[in-house]
Amino acid sequence: MLRLIDRATKAVEWLVVGLAAVGAIIIVVQMVWISYGVFMRYVIGRPDRMVTEATALLLFPVALVGLAYAMREDSYPRVTLLTDTLRPGFQKLIALANGAIMALIGLFFSITTINATLRAFNSGSSSEILNWPRYLFWGVAAAALSVFTLYATLRLLQIALRPPPEKEEHDGVV
């Protein structure tokens, strides 16, 4: 069973890295567009109204597409001062609780963003200045959070199915 979950996790990691690449592309687009906006405002003297709205709209999906990648790279901040002193079994329990919280929060936000995507699509709402359909932004967020939830669940299953590591010995002291 663990081998199957490991393979599924590796397969989902392709989506995780792909979403991170999409986030990188969005950031480059924002960087160029903001630079254009600054040039138009301060050099030409004619500010572009679209720059502010576009960068604000693009910040929402870019904030979420890297969530699963941060989990893959173990980049979430952790304070392990106390947990490092616990026995491996207790460390595993804390890791399971942490993983369950992440998966449940991901599930909640996945459901919320999928609902928002469907509502924005059905209403036909769009942004005020650019007239970009809002469901596109909600859709990217929903996809990113769904991948995050799937990945967090797979990682939780890996933690649950692996035995806790043995306590390391240092100079004969356990």
Side-chain angles (χ1 to χ4, degrees), residues 1-30 55-123 125 133-170 173-174:
M1 182 69 167
L2 183 60
R3 188 174 291 160
L4 177 66
I5 292 171
D6 286 343
R7 276 192 263 154
T9 304
K10 290 292 182 195
V12 171
E13 282 183 354
W14 284 96
L15 288 172
V16 168
V17 172
L19 280 172
V22 167
I25 291 168
I26 291 172
I27 288 172
V28 169
V29 167
Q30 285 181 308
T55 54
L57 288 171
L58 291 173
L59 279 176
F60 176 64
V62 86
L64 300 173
V65 294
L67 282 176
Y69 187 77
M71 179 180 279
R72 176 183 181 260
E73 297 298 314
D74 199 21
S75 296
Y76 291 125
R78 256 188 299 189
V79 178
T80 60
L81 182 67
L82 295 175
T83 57
D84 286 346
T85 62
L86 298 174
R87 286 190 238 144
F90 288 125
Q91 288 180 358
K92 181 178 177 175
L93 283 176
I94 290 172
L96 283 169
N98 185 37
I101 289 169
M102 292 177 85
L104 288 172
I105 289 172
L107 179 65
F108 171 77
F109 283 115
S110 295
I111 292 169
T112 303
T113 53
I114 289 169
N115 186 22
T117 302
L118 294 173
R119 292 174 76 191
F121 182 79
N122 290 332
S123 72
S125 64
R134 290 200 184 273
Y135 70 85
L136 293 176
F137 302 98
W138 282 110
V140 172
L145 285 165
S146 296
V147 169
F148 170 78
T149 303
L150 174 62
Y151 191 64
T153 303
L154 289 170
R155 295 283 298 260
L156 177 62
L157 290 171
Q158 285 179 324
I159 294 168
L161 294 175
R162 281 202 172 86
E166 296 297 320
K167 188 88 169 175
E168 294 180 16
E169 290 189 31
H170 295 286
V173 178
V174 177

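Keep in mind the model is a prediction, meaning the values are calculated, not measured.
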Colleague: Run the side-chain donor-acceptor check on residues 97-114: report pairs under 3.5 Å with partners two or more places apart or on a different chain.
Modeller:
| residue | atom | partner | partner atom | Å |
| --- | --- | --- | --- | --- |
| Ser110 | OG | Gly106 | O | 2.7 |
| Ser110 | OG | Leu145 | O | 2.9 |
| Ser110 | OG | Ser146 | N | 3.4 |
| Ser110 | OG | Thr149 | OG1 | 2.8 |
| Thr112 | OG1 | Phe108 | O | 2.8 |
| Thr113 | OG1 | Phe109 | O | 2.9 |
| Thr113 | OG1 | Ser110 | O | 3.2 |

Colleague: Of the non-hydrogen atoms in Leu67 and Ala63, which two are nearest, and what is the gap between them?
Modeller: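 That would be CG-O, 4.5 Å.
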Colleague: Mind checking the CD1-CG spacing from Ile25 to Leu58? Nearest 0.5 Å is all I need.
Modeller: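 The distance works out to 12.5 Å.
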Colleague: For Val17 and Arg72, run side chain to side chain contact (heavy atoms under 4.5 Å, CB included): C-alpha distance rounded to whole Å, both residues' side-chain angles, the deciding distance at 0.1 Å, then the answer.
Modeller: CA-CA 9 Å; Val17 172; Arg72 176 183 181 260; 3.9 Å; yes
Colleague: Does the side chain of Gln30 come within less than 4.5 Å of Leu59's, by heavy atoms?
Modeller: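 Yes - at least one pair of side-chain heavy atoms lies under 4.5 Å apart.
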Colleague: How long is the gap from CG on Leu15 to CG on Leu150, to the nearest 0.5 Å?
Modeller: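 That separation rounds to 8.0 Å.
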Colleague: Looking at every non-hydrogen atom in both residues, tell me the closest pair between Tyr151 and Val12 and how far apart they are.
Modeller: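 Taking every non-hydrogen atom into account, CD1-CG1, 3.9 Å.
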Colleague: Does anything in residues 134-152 form a salt bridge (charged side-chain N to carboxylate O under 4.0 Å, His left out)? List the pairs, not counting sequence neighbours.
Modeller: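 Residue pairs passing salt bridge (charged side-chain N to carboxylate O under 4.0 Å, His left out), neighbours aside: Glu128-Arg134.
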Colleague: Return the minimal non-hydrogen interatomic distance between Pro61 and Val140, and the atom names on each side.
Modeller: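 It is CB-CG1, 3.5 Å.
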Colleague: To the nearest 0.5 Å, how far apart are CG in Leu154 and CZ in Arg7?
Modeller: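 Leu154 CG to Arg7 CZ: 13.0 Å, rounded to 0.5 Å.
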Colleague: Do side-chain atoms of Thr83 reach the backbone of Gln91 as a donor and acceptor pair under 3.5 angstrom?
Modeller: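 Here the side-chain-to-backbone pair does not exist.
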Colleague: Tell me, which pairs form a salt bridge (charged side-chain N to carboxylate O under 4.0 Å, His left out) where one or both residues lie in residues 89-110, sequence neighbours left out?
Modeller: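 Of all non-adjacent pairs touching residues 89-110, none passes salt bridge (charged side-chain N to carboxylate O under 4.0 Å, His left out).
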Colleague: Checking Asp74 now: which residues fulfil side chain to side chain donor-acceptor pair (under 3.5 Å) with it, not counting sequence neighbours?
Modeller: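 With neighbours one apart ignored, the set is Arg78.
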Colleague: Going by the ring-ring contact (aromatic ring centres under 6.0 Å, His included) test, which pairs reach into residues 67-93, not counting sequence neighbours?
Modeller: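 Residue pairs passing ring-ring contact (aromatic ring centres under 6.0 Å, His included), neighbours aside: none found.
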Colleague: To the closest 0.5 Å, what do you measure between CG (Asp6) and CG (Leu157)?
Modeller: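 Answer rounded to 0.5 Å: 10.5 Å.
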Colleague: Give me the atom names and distance for the closest heavy-atom approach of Thr117 to Ala142.
Modeller: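 Shortest heavy-atom contact: OG1-CB, 3.7 Å.
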Colleague: Just verifying a value: how many Å separate Ile94 CD1 and Ile159 CD1, rounded to the nearest 0.5 Å?
Modeller: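 Nearest 0.5 Å value for the CD1-CD1 distance: 12.0 Å.
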Colleague: Just how far is it from atom CZ of Arg155 to atom OG1 of Thr9, taken to the nearest 0.5 Å?
Modeller: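 The CZ atom of Arg155 sits 8.0 Å away from the OG1 atom of Thr9.
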Colleague: Specify the closest pair of heavy atoms between Ala68 and Val147, including all atoms of both residues, with the distance to one decimal.
Modeller: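 Shortest heavy-atom separation between Ala68 and Val147 comes out as CB-CG1, 4.5 Å.
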Colleague: List the residues meeting side chain to side chain donor-acceptor pair (under 3.5 Å) with Glu73, not counting sequence neighbours, and say none if there are none.
Modeller: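 Result, side chain to side chain donor-acceptor pair (under 3.5 Å) vs Glu73: none returned.
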Colleague: What's the shortest heavy-atom distance between Thr85 and Leu81, and which atoms?
Modeller: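 In this case the closest contact between Thr85 and Leu81 is CG2-O, 3.7 Å.
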